[in-house]
Amino acid sequence: DKTVLITSHTHSAIDNICTRLQKFKVDFIRLGSQSKIADNLKPHSEASLTEKCTTPEEMDKVYNSFKVIAVTCLGSGHPLLSKRTVDVCVVDESTQVLQTSIIRPLYAAKTFVLIGDPDQLAPLVRNRDALNAGMSESLFERLSSSEGIITLNLNYRMNKTLTDLANTLTYEGQLQTGNEVVANRTLHIPNIQAVKNSYKQHQWLVEALDTSLEAAVKFIDTGPVWSLSQTSSKNIKSKDTPDSKNYVNVHEATIVFKLVEALIEGGVPNCDIGVIATYRAQVLHISTLLSKFTVDVSTVDQFQGRDKNVVIYSCTKSADMTRAAPESQSFELLEDKRRLTVAITRAKRKLVIVGDLITLQNYKTFSVILRALENNIVKFDSEWNLLDSS
Ligand SMILES: Nc1ncnc2c1ncn2[C@@H]1O[C@H](COP(=O)(O)OP(=O)(O)OP(=O)(O)O)[C@@H](O)[C@H]1O
């Protein structure tokens, strides 16, 4: 009989929970602007539910009739929550929420439960002074204590090989697979023989798409493609961003294109494929290349909380690291362990990482992964004429 406020940092996280509530026939009101709410949840939105109200009293009645209220942390400044106190507030992805934002929904509740993974993305703070002063510390981390935390260490997403990689980078062996079925799941490519025939000349691709459990994670080494860019007209770096934070790597994009094309030819549904890239400019570039396939292409941040059967990760950066200043490197996205943890934990059955091995070895965080994948590195055999064919 309790009243519950469900909240999170993003609309998509709220919508994920609401979709599950819908399946279990739990009634709720979804606050927030209609345009931000998923289509399947529109009948639960405040706009739809109050559509027929003609007086403030009628609206009041509708708003107060729901035991479950769902809204983002920022949206919880809603008048309904300044008038009502709920029994419990549940905050999902709470390790991503700024303390200044989380305080608002918590004030509307008698008790609260924070859910999150402190090893995944922290609240986004760009200002270095604010970062140094601790602004990116979430309330979850601030309240963290052995008595207060319950660890959920069974995962039902990743197979055994993917779980092992996540343990090597971050979870130190604590993460386990939920059951044997999950542990042994591999990618099914229905027309694998057709792929092998079509790509006979491209052994790197056949090797990268090996569907055995042991080969569930593959790293394709592009080689130092930055040097190719110096001699050709192809660009590595987005021209309008001299601060080097927004790279485009056309060589990696082409490899990603070939992999997606082969997967689709092999009969893998496009909704099972996800592409992640480190920088927004690369996401944009790959999205344009892949437009005819309609597969999801996002930054790591946009992919948190979601998963796909097969994920291709374009690391993107390829540079002459002998010229890079080490102190600037430590602020780079590729050195961010939490971001890398999210990137490698989105795939359920198969992960293909595409990158320049020599460049990536310069990042302490990344080199942990490269060591673990020693036996699963595929050398791309310099077929850069592919660039012209796609
Ligand atoms: N009990 C279960 N049985 C089968 N599958 C499950 C079970 N619980 C979760 N899953 C599946 O595991 C995946 C991850 O679940 P969920 O998104 O709830 O985890 P999460 O901890 O929020 O993940 P993250 O924060 O890393 O994105 C989903 O694909 C979900 O369908």
Side-chain angles (χ1 to χ4, degrees), residues 4 6-24 26 38 40-41 70 72-73 89-97 102 112-124 138-141 144 149-188 216-217 268-276 295-296 298-311 313 336-351 369:
V4 184
I6 293 167
T7 187
S8 185
H9 183 53
T10 60
H11 284 281
S12 62
I14 301 286
D15 286 353
N16 273 343
I17 302 169
C18 290
T19 302
R20 293 190 197 178
L21 291 179
Q22 210 176 25
K23 270 189 208 150
F24 287 98
V26 177
N40 62 312
L41 301 170
T72 58
C73 289
C89 174
V90 181
V91 191
D92 193 20
E93 306 280 5
S94 69
T95 44
Q96 243 192 317
V97 188
I102 207 169
F112 62 86
V113 181
L114 305 181
I115 305 172
D117 180 351
D119 289 314
Q120 294 190 15
L121 295 180
L124 185 63
S138 64
L139 188 66
F140 184 106
E141 288 172 284
S144 171
I149 287 200
I150 298 166
T151 308
L152 306 175
N153 51 11
L154 287 185
N155 102 82
Y156 293 86
R157 171 181 294 153
M158 298 177 282
N159 68 23
K160 193 177 167 319
T161 309
L162 284 151
T163 305
D164 285 347
L165 186 67
N167 273 326
T168 305
L169 179 68
T170 306
Y171 298 105
E172 300 176 338
Q174 283 185 14
L175 195 62
Q176 295 162 27
T177 43
N179 58 39
E180 280 303 297
V181 176
V182 171
N184 295 306
R185 272 192 318 211
T186 53
L187 181 66
H188 176 53
V217 187
V268 177
N270 51 3
C271 59
D272 281 351
I273 306 169
V275 177
I276 304 179
V295 299
D296 277 351
S298 309
T299 57
V300 179
D301 303 53
Q302 291 160 336
F303 238 102
Q304 173 149 329
R306 298 165 56 208
D307 52 30
K308 292 281 178 187
N309 273 336
V310 49
V311 170
Y313 175 33
D336 183 341
K337 187 170 169 186
R338 290 167 147 197
R339 193 164 260 102
L340 196 55
T341 303
V342 175
I344 64 159
T345 55
R346 299 306 98 195
K348 298 188 199 179
R349 297 165 186 242
K350 174 93 188 164
L351 170 66
I369 291 191

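Just so you know, ligand 1 is whichever comes first in the structure, and atom 1 is the first atom listed for that ligand.
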Visitor: One pair to check against side chain to side chain donor-acceptor pair (under 3.5 Å): S138 and E141. What are the steps and the verdict?
Guide: CA-CA 5 Å; S138 64; E141 288 172 284; 3.2 Å; yes

Visitor: Can you list the residues that meet the side-chain hydrogen bond (donor to acceptor under 3.5 Å, both in side chains) rule with T163, with sequence neighbours excluded?
Guide: N155

Visitor: Listed by chain and number, what are the side-chain hydrogen bond (donor to acceptor under 3.5 Å, both in side chains) partners of D92, not counting sequence neighbours?
Guide: none

Visitor: Using side-chain hydrogen bond (donor to acceptor under 3.5 Å, both in side chains) as the criterion, list what pairs up with T170, not counting sequence neighbours.
Guide: T341

Visitor: Quick one about R349 and N309 (side-chain donor to acceptor, distance below 3.5 Å, no hydrogens or angles considered), yes or no?
Guide: yes

Visitor: Return the protein residues near ligand 1 (heavy atom under 4.0 Å from any of its atoms), ordered by chain and residue number.
Guide: R20, Q120, Y156, R157, G305, D307, R346, K348

Visitor: Between A166 and M158, which heavy-atom pair has the shortest distance, and what is it?
Guide: CB-CE, 4.3 Å

